[in-house]
Protein chains: 4
Amino acid sequence: MTEPHAPRRGRKRSEQSRLAILTATFELTRDEGYRALTVEGIAARAGVGKQTVYRWWPTKADVLLEALATKAELHVSVADRGSFRADLEQFLRDSFALLGVPGVAQALRSLMAEAQVDSQFASRFREGFLDRRRAALAELLQRARRRGDAPPVADELVADVVFGVIWYRVLATDRPWGEADLVALRDLLTSTFTNPDPSSRIGSTHV
Amino acid sequence: MTEPHAPRRGRKRSEQSRLAILTATFELTRDEGYRALTVEGIAARAGVGKQTVYRWWPTKADVLLEALATKAELHVSVADRGSFRADLEQFLRDSFALLGVPGVAQALRSLMAEAQVDSQFASRFREGFLDRRRAALAELLQRARRRGDAPPVADELVADVVFGVIWYRVLATDRPWGEADLVALRDLLTSTFTNPDPSSRIGSTHV
Amino acid sequence: MTEPHAPRRGRKRSEQSRLAILTATFELTRDEGYRALTVEGIAARAGVGKQTVYRWWPTKADVLLEALATKAELHVSVADRGSFRADLEQFLRDSFALLGVPGVAQALRSLMAEAQVDSQFASRFREGFLDRRRAALAELLQRARRRGDAPPVADELVADVVFGVIWYRVLATDRPWGEADLVALRDLLTSTFTNPDPSSRIGSTHV
Amino acid sequence: MTEPHAPRRGRKRSEQSRLAILTATFELTRDEGYRALTVEGIAARAGVGKQTVYRWWPTKADVLLEALATKAELHVSVADRGSFRADLEQFLRDSFALLGVPGVAQALRSLMAEAQVDSQFASRFREGFLDRRRAALAELLQRARRRGDAPPVADELVADVVFGVIWYRVLATDRPWGEADLVALRDLLTSTFTNPDPSSRIGSTHV
DNA sequence: CTGTAAGCGAGACGGTACGTCGAGTCTTTCC
DNA sequence: GGAAAGACTCGACGTACCGTCTCGCTTACAG
């Protein structure tokens with residue numbers, strides 16, 4: 001897939017510079033905030049020319065996106081834990097763990113913010129982050145469908161609820177995640193339901 | 001409540017300038033995007049000095065926040081519609097209607113983005129928008145609690161799910177809202193549940 | 001000459017405000033420098049509205065010009081001291097005394113600077129200050145002409161030399177005036193001359 | 001003498017921009033006046049970013065000072081013309097020629113004005129202009145001293161008179177220079193004198 | 001083993017917008 | 001109608017970064 005394009009002449013890309021840039025970007029965002037993140041600042045802290053940044057990344061947000069991928073284990077386990085309930089719990093636990101890594105929540109908020117304002121970056125952010133996470137959850141749901149214990153609700157809604165709640169708390173509230181929150185969300189999506197339709201309710205064995 | 005402070009000396013604030021600024025801000029954001037929104041551009045389009053903007057608002061995001069409040073009916077009905085199910089449906093319907101007004105979704109995305117990057121504005125955004133909406137939903141939930149038809153789930157989780165789903169779709173996806181989405185979300189939160197306790201699951205009639 | 005214009009209706013000009021403005025202007029120039037002198041600063045320090053300044057003076061330089069006239073005795077004595085030599089000495093002595101008053105040299109430099117840059121003010125500065133001084137010196141010269149002890153040089157040149165030297169030292173050098181300077185200048189203009197005609201030079205006893 | 005400081009890395013200063021800035025500055029001052037001279041205007045007319053001006057000059061007055069040096073031949077001839085009388089005449093003639101170049105008098109008045117108001121610039125103005133001219137005249141005087149035909153007056157006073165008269169006429173009067181003015185000033189400083197000391201006056205053959 | 005083609009750190013370039021200051025005017029209320 | 005207060009439009013300030021463009025230098029493949 002990655003074109004093997006002729007073994008290129010000239011000097012090779014400096015891996016050292018690449019890492020210095022990613023590290024500088026991640027740390028600056030974490031310590032000073034995304035507002036204070038500038039290409040000039042990145043280059044200065046990384047001991048690199050500005051051009052070296054512009055040569056390899058279109059915007060500073062893209063640098064941060066790659067820095068995030070490099071600095072934090074974004075991979076989410078999709079190992080089968082026997083039930084959707086358990087799979088979902090693990091998914092949430094992994095997600096919260098990721099958000100707990102210093103700098104990661106800050107980076108994610110910044111990237112989401114940038115995506116609101118730069119639609120080209122928005123596409124790259126979805127492809128490079130949002131869609132991957134959604135695909136992971138989709139895999140869990142497909143397995144549950146096969147297994148027969150998927151929630152009686154459209155997969156898309158499940159995903160919207162899971163990611164909606166996570167992102168909303170990150171973006172709009174200060175409340176930290178607790179075990180209770182995790183459990184409550186898991187239960188909301190894996191409890192058994194009956195439709196409270198008046199007619200169908202008659203004879204219902206539960207309450 | 002609002003201090004009647006002595007009838008102030010000096011020239012009065014120009015209501016005309018204020019409105020021109022709010023209108024210019026809203027339209028520029030809607031038409032050119034928040035990235036292209038500058039205080040200089042606002043002042044120019046409003047036919048106003050930059051200083052007049054800076055005199056009354058700390059940042060352009062605050063101007064947009066007030067513009068939004070002025071341009072769109074942010075008030076959400078909390079009229080009692082008999083059941084939480086109906087109340088929630090109306091709440092969602094009102095919310096989607098608001099998002100459908102041209103420029104509103106754009107403005108909200110921009111404000112949320114700004115809040116990620118400017119923590120002082122974040123507080124004002126919460127106070128001036130997020131918390132008000134949350135309070136409206138809380139009122140519906142309290143009424144439901146009294147009435148006895150509240151979801152068997154913490155109010156906070158209900159709010160996180162409702163706002164989480166709404167915001168997530170606005171910020172992270174392109175999918176437009178449809179009637180089906182509304183119904184599915186309403187049903188998720190108002191269906192009756194049973195806890196899928198493994199033991200009780202045996203002989204369960206549903207699934 | 002001063003039109004007796006009808007006894008004017010309405011409130012009379014406040015002498016207190018006028019003096020407060022002149023004092024504030026003189027002191028601000030002396031203490032902070034002309035660069036830092038602003039109409040806003042004057043009004044604030046004088047406890048006066050900006051409009052009150054603009055109502056009575058066209059520019060801040062005009063305020064300073066009037067402040068100077070009010071704060072320092074600009075009048076130069078033209079009393080007859082018997083000889084042009086003595087008259088000139090007194091004129092120089094008066095001038096240096098004026099320049100020694102704290103704030104006066106600063107004010108004069110500022111006014112001269114302003115005159116270079118605002119030609120309308122330049123006219124008022126000449127009329128209100130430069131020409132008056134020149135007229136005083138002219139009076140001394142006329143008296144000398146009558147008396148017969150005027151320098152064998154055009155009056156205009158004498159004035160150019162006198163004022164030229166004074167202003168040049170104020171504007172372009174840091175050297176303070178000393179008694180020796182005064183005497184040297186006086187002597188230059190009141191010594192007797194012989195034309196250094198080459199032929200007459202032979203056998204000249206001086207050099 | 002000029003530090004050979006390491007052959008500098010990075011892009012070189014653009015000589016084209018430098019000249020465009022100097023030309024724009026000189027012409028704007030000449031045509032619109034110093035009051036109307038702004039860094040923004042200079043940059044715009046020179047087709048240059050403002051930063052490029054600020055990078056190389058601390059104030060717009062410094063730009064004008066350099067522009068003057070570039071646009072006008074400030075060099076004053078110190079060639080030996082046989083006598084101080086002839087040397088001085090040439091010096092004055094050169095000075096008046098310089099002042100006759102369109103824009104030069106305007107520039108000099110502006111620089112002198114700025115120096116009154118910005119003491120840091122005042123130092124640079126003295127070093128870069130005033131002191132050089134004074135040094136040139138000092139050279140003529142030293143030669144005259146050696147030759148034996150220097151005026152019987154302190155060198156400093158001669159310089160004060162020469163520059164005082166020139167500057168005073170430029171700054172404070174509208175009278176243009178004529179041949180008669182030149183001659184009169186030359187003669188004042190090169191005529192032979194006798195001190196009108198009362199005692200020595202007795203028997204004096206001249207008057 | 002030598003050209004030649006990138007990549008590199010450095011830093012100047014033309015620009016845009018920032019947030020501030022002050023100018024000079026206008027408006028309001030009080031005296 | 002003068003005066004204090006203060007909001008108004010306007011223009012320039014000096015700064016920060018943007019993204020681009022040379023520089024001189026280093027690296028590494030190709031002839």
Side-chain angles (χ1 to χ4, degrees), chain A residues 6-14 16-18 20 36-44 46-56 58-60, chain B residues 6-14 16-18 36-44 46-56 58-60, chain C residues 8-14 16-18 36-44 46-56 58-60, chain D residues 6-14 16-18 20 36-44 46-56 58-60:
Chain A
R8 308 269 252 86
R9 293 219 294 158
R11 189 172 178 172
K12 270 181 200 147
R13 176 171 183 183
S14 162
Q16 182 185 315
S17 291
R18 183 181 154 269
L37 184 71
T38 66
V39 174
E40 252 160 21
I42 293 169
V48 136
K50 280 203 306 180
Q51 197 58 253
T52 302
V53 178
Y54 284 113
R55 199 177 349 254
W56 302 108
T59 74
K60 67 187 177 185
Chain B
R8 304 269 261 89
R9 293 224 278 166
R11 189 173 177 173
K12 273 180 196 144
R13 176 171 182 181
S14 163
Q16 183 185 316
S17 290
R18 184 182 153 269
L37 184 70
T38 67
V39 174
E40 250 159 25
I42 293 169
V48 136
K50 276 204 297 181
Q51 199 58 253
T52 301
V53 179
Y54 284 113
R55 190 167 8 246
W56 300 108
T59 73
K60 66 187 177 186
Chain C
R8 309 269 250 86
R9 293 217 292 157
R11 191 169 172 176
K12 266 181 205 145
R13 176 171 184 182
S14 161
Q16 182 186 315
S17 290
R18 182 180 154 271
L37 184 70
T38 67
V39 175
E40 252 160 23
I42 294 169
V48 137
K50 280 203 305 181
Q51 198 57 251
T52 302
V53 178
Y54 283 113
R55 190 161 15 239
W56 302 108
T59 72
K60 67 188 177 186
Chain D
R8 302 273 260 88
R9 294 223 280 164
R11 189 174 178 170
K12 272 179 196 146
R13 177 170 183 183
S14 162
Q16 182 185 316
S17 291
R18 183 182 153 268
L37 184 70
T38 66
V39 174
E40 249 159 26
I42 293 169
V48 135
K50 276 203 298 181
Q51 199 58 250
T52 301
V53 179
Y54 284 114
R55 194 173 359 252
W56 301 109
T59 73
K60 65 188 178 185

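Hydrogens, waters and symmetry mates play no part in the numbers below; they use all other heavy atoms, side chains included.
- For the atom pair NZ (A/K60) and CD (A/E40), the distance works out to 11.0 Å, reported to the nearest 0.5 Å.
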For this session: For the pair B/R55 and B/T52, evaluate side chain to side chain contact (heavy atoms under 4.5 Å, CB included) and give the outcome as yes or no after the intermediate values.
Result: CA-CA 5 Å; B/R55 190 167 8 246; B/T52 301; 3.6 Å; yes
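- Taking atom CD of residue B/Q16 and atom C1' of nucleotide E/dC26, one finds them 14 Å apart after rounding to whole Å.
- For B/V39, whose side chain is taken as the heavy atoms from C-beta onward, the closest listed nucleotide among F/dT9, E/dG19, F/dG24 is E/dG19.
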Strictly under 3.5 Å: I want the nitrogen or oxygen pairs between protein and nucleotides 4-6 of chain E, one per line.
unit_1	atom_1	unit_2	atom_2	d
E/dA6	N3	A/R11	N	3.4

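- DNA chain F is contacted by both D/L37 and B/R18; B/R18 maps to the nucleotide lying nearer its 5′ end (nearest heavy atom per residue).
- Overall, the helix from E/dC1-F/dG31 to E/dC31-F/dG1 carries an axis bend of 10° between its ends, with five pairs at each end and the value rounded to 10°.
- B/T52 comes within 4.0 angstrom of a nucleotide base, judged by non-hydrogen atoms across all strands.
- Between the NZ atom of C/K50 and the C1' atom of E/dC21 there is a distance of 10 Å, rounded to whole Å.
- Closest-nucleotide positions on DNA chain E for B/P58 and C/Q51 were compared, and the one nearer the 5' end corresponds to B/P58.
- Checking the phosphate oxygens (OP1, OP2) of F/dA3, a side-chain nitrogen or oxygen of C/W56 falls inside 4.0 Å.
- Across all non-hydrogen atoms, the minimal contact from D/S14 to D/S17 is OG-N, 3.0 Å.
- Note on B/G41: nothing from the nucleic acid sits closer than 4.0 angstrom, heavy atoms only.
- Distance, D/E40 CD to F/dC13 P: 6 Å, rounded to whole Å.
- The shortest non-hydrogen separation linking B/A43 to B/G49 is CB-C, 4.0 Å.
- Atom CZ of A/R13 and atom P of F/dA28 are 15 Å apart (whole Å).
- In terms of position on DNA chain E, the residue among D/S14 and B/K60 whose nearest nucleotide sits closer to the 5' end is D/S14.
- A cation-pi arrangement is present between A/R13 and A/W56, with the terminal nitrogen or guanidinium carbon under 6.0 Å from the aromatic centre and inside a 45° cone about the axis.
- F/dG14 atom C1' lies 5 Å from atom OH of D/Y54, rounded to whole Å.
- Side-chain N/O atoms of B/S17 include one lying less than 4.0 angstrom from OP1 or OP2 on F/dT9.
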